[in-house]
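Structure, as structure tokens:
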Amino acid sequence: MPTRWTSTAKLFAHTAPAGQVTALIPLDEPGHYQLFTIGPDIRPESREAPVTKAELESAVRKSYGEEAEITEVRQATRFTDASRQVERYRVGRVLLAGDAAHIHLLAGAQGMNLGIQDAMNLGWKLAAEVLGRAPEGLLDSYHAERHPVAAEVLENTRAQGLFMFAKEDPGVDVLRGLFTKLLALPQVNRYLAGRISGLGIRYPMDGADAGPSHELLGARMPDIQLADDVWDGELLHTGRGVLLTVDSAFVDAARPWSDRVEAVPLPEIPLTGEGADALLIRPDGYVCWTAPAKSDLETALTTWFGTPA
């Protein structure tokens, strides 16, 4: 099954004996890097204190050797290991997303993805509310879906921080050794990769409107090639939902929602594992209904996209 993905630049990370963790990410401009460093000795008197070239150079030398040298610092900021999350993402007409809703240690570089996911989840629901076609409870589902996701990110970043900084704790040493062994298991690697990347998110969609159970139900739809030069991810660029189906009856059933859902007839839906006669994909890319057999598509469309005009 053809799929698309974008590779990132190589990450050069090193942990010094003193617990200093330094990572260098090559940038497009040769000889330039994004530098990330963290450790127990980096504790300025004030968080607002300027980051000096000497401070960064010291961190780099601890990890890469005394010959390492920094010639220029273009921009530098500080961060802490504080973990905070608001209790509610929505209070009346106020909705919070991104850093306004949660902060955490930068371990795993999850903050930007988390904020973008918040925006994608909220954006189409808020638009439906503004346009007056949001079904009851749609806007409240933003908190219900996204709050647990951020709580898991705070959990795994706090765990990473504990492993990085608790250098003198025998109990943590035991846990660190056990965890190192677990990381040798492909299943554990896959699970953690899914959590840290966000690709493992699966929203609960177990209601009657969700259709028969399927491995993609509640998950992010993979970007798969549907036809020559046509990928399902591109169909979401309009901000509408997408119905992929091999059954013309589902196309007819979705026609009243054509202003907010695009029905795409296909000879087959290329998927790994169990196939499906139809998949309904929300504007944020998550599968909210599946049909290995005839099911109540109209209920699913009304649940997620409101009553047709």
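Everything quoted here is computed from the prediction, not taken from an experiment. Positions are given from 1 along the sequence.
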Between F250 and W289, is the ring-ring contact (aromatic ring centres under 6.0 Å, His included) condition met? List the steps. CA-CA 12 Å; F250 288 131; W289 177 85; 5.5 Å; yes
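- Ionic pairing of E145 and K125 is present here: one or more N-O contacts between side-chain nitrogen and carboxylate oxygen are shorter than 4.0 angstrom.
- L139 places a side-chain heavy atom less than 4.5 Å from the side chain of L95.
- In the hydrophobic clustering of this structure, L175 groups with L182; members are Ile, Leu, Val, Met, Phe, Trp, Tyr whose side-chain heavy atoms approach within less than 4.5 Å, directly or through other members.
- Counting heavy atoms from C-beta on, the side chains of V60 and I70 come closer than 4.5 Å.
- When the shell of 6.0 Å around CD of E72 is examined, it contains more than 12 heavy atoms from other residues, nucleotides or ligands.
- No donor-acceptor contact under 3.5 angstrom links the side chains of D284 and Q117, judged on distance only.
- A263 approaches A254 most closely through the heavy-atom pair CB-CB, 4.5 Å.
- A heavy-atom distance below 4.5 Å is found between the side chains of Q110 and I196.
- Cluster annotation: L235 is connected to V246 through the hydrophobic network of ILVMFWY side chains, with a link wherever side-chain heavy atoms come within less than 4.5 Å.
- The aromatic rings of W124 and F305 sit tilted, their planes meeting at an angle between 30° and 60°.
- Note that CD of Q187 and CG of L192 are 11.5 Å apart. Values are rounded to the nearest 0.5 Å.
- Both Y64 and L35 are members of a single hydrophobic cluster when ILVMFWY side chains are connected at heavy-atom separations under 4.5 Å.
- Counting non-hydrogen atoms of other residues, nucleotides and ligands closer than 6.0 Å to CZ of R133 gives a total above 12.
- To the nearest 0.5 Å, atom CG of residue D118 and atom CZ of residue R146 are 4.5 Å apart.
- L154 and H102 make their closest contact through CD1-CB, 4.3 Å (heavy atoms, listed as atom of the first residue, atom of the second, distance).
- The shortest heavy-atom contact between Y142 and A97 is OH-CB, 3.2 Å.
- Side chains of R282 and Y203: no donor on one and acceptor on the other come within 3.5 Å.
- Ion pairing between E129 and R90 fails under the 4.0 Å rule for side-chain N and carboxylate O.
- To the nearest 0.5 Å, atoms CG (L216) and OG1 (T290) are separated by 8.5 Å.
- One finds no salt bridge joining R202 and E215 here, because no Lys/Arg side-chain nitrogen approaches an Asp/Glu carboxylate oxygen to under 4.0 Å.
- The neighbour count for R220 CZ, taken as heavy atoms of other residues, nucleotides or ligands under 6.0 Å away, does not exceed 12.
- Checked against T37 for a side-chain contact (heavy atoms from CB on, under 4.5 Å), the options T22, V51, L24 give a single hit: T22.
- Considering all non-hydrogen atoms of both residues, V287 and M205 come closest at O-SD, 3.3 Å.
- Distance CG/L226 to CD1/I269: 8.5 Å, rounded to 0.5 Å.
- In this structure, V261 and R240 have side chains that are not in contact, with every pair of non-hydrogen atoms separated by 4.5 Å or more.
- Looking at every heavy atom in both residues, P222 comes nearest to D232 through O-OD1, 2.8 Å.
- Between E29 and R74 there is a salt bridge, since at least one side-chain N of the basic residue sits less than 4.0 Å from a carboxylate O of the acidic one.
- There is a path of hydrophobic side-chain contacts, each under 4.5 Å, that joins L301 to Y286.
- Here the NE2 atom belonging to H147 is positioned 8.0 Å from the CZ atom belonging to R88, to the nearest 0.5 angstrom.
- Between N156 and H104 the shortest side-chain heavy-atom distance does not fall below 4.5 Å.
- Taking the side chain as every heavy atom from C-beta outward, P135 and L138 approach each other to under 4.5 Å.
- A single hydrophobic cluster is not seen to contain both L199 and L114; linkage of ILVMFWY side chains at heavy-atom distances under 4.5 Å, directly or through other members, places them apart.
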